[in-house]
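Here the structure is laid out as structure tokens; the discussion comes afterwards.
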Amino acid sequence: MLSEKMTEALNAQLNMELQAYYTYLSMAAFFEDQSLKGFSTWMFHHSEEEMAHAMKIYDYIYERRGRVKLSGLADPPHDWETPLAAIETAMVHEQKVTASIHQLVKLAREEGDYATDSFLQWFVDEQVEEEAVVDDLIQKLKLIGDFSPGLYLLDRELIATQPDAGEEQA
Ligand SMILES: [Fe+2]
Ligand SMILES: [Fe+2]
């Protein structure tokens, strides 16, 4: 069984993943409004991944006979000055999530809860990958700067790399 402290910490992480889902969905809407379909589709998929992370934690809490307690989400931001500013917000959020996952691992080890430690390793690896993907986008946007044809091309590239790219381009 999970300790009370661990249950509380996992519920806080569950809330953080849902907050990421909500923030990225808001970003998808922002990009949609900017007619950047590639960015909006990319962000929408990213938001779905965050929901999947939340559900992974949800399932794990029950598997260990804990209790899921959902708490409120904050209003996400709606507007950003530039696409780069939006993606940088995503990076800040990812870094917060990474730090929070690392704190959870620390707690699991302190408690000798090896099952939770093992469960969390998937998230540790996932965060490395997510930060790298977001950073790649930031570097490309910095390279493009104010050159709008570059932004247009990157948007097209993002559509092409989506899992449902066939549908999008049809
Ligand atoms: Fe996540
Ligand atoms: Fe993430």
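Values reported hereafter were calculated over all heavy atoms of this structure, with side chains retained and with hydrogens, waters and symmetry mates removed. Every number for a ligand or one of its atoms is a count from 1 in the order of the listing.
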Metal proximity, Glu126 vs the Fe ion (ligand 2), N/O/S cut-off 2.8 Å: no
Count the heavy atoms of every other residue, nucleotide or ligand shown that sit under 6.0 Å from CD of Glu110, and state whether that count exceeds 12. yes
Return yes if a side-chain donor-acceptor contact under 3.5 Å exists between Gln139 and Asp135, otherwise no. yes
Glu17: its N/O/S atom lying closest to the Fe ion (ligand 1) (atom name): OE1
Judged by modelled atom types alone, do Gln121 and Asp117 share a side-chain donor-acceptor pair under 3.5 Å? yes
Quick check on Asp146: does its CG atom have over 12 non-hydrogen neighbours (other residues, nucleotides or ligands) under 6.0 Å away? no
State yes or no: do Leu25 and Val92 share one hydrophobic cluster built from I, L, V, M, F, W and Y residues joined by side-chain heavy-atom distances below 4.5 Å, directly or via other members? no
Output yes if Glu49 passes the N/O/S-under-2.8 Å test against the Fe ion (ligand 2); output no otherwise. no
Taking just the N, O or S atoms of His53, which one is nearest to the Fe ion (ligand 1)? ND1
N/O/S of Glu50 less than 2.8 Å from the Fe ion (ligand 1)? yes
Roughly, to 10 degrees, what angle do Glu130 atom OE1 and Glu94 atom OE1 form around the Fe ion (ligand 2)? 80°
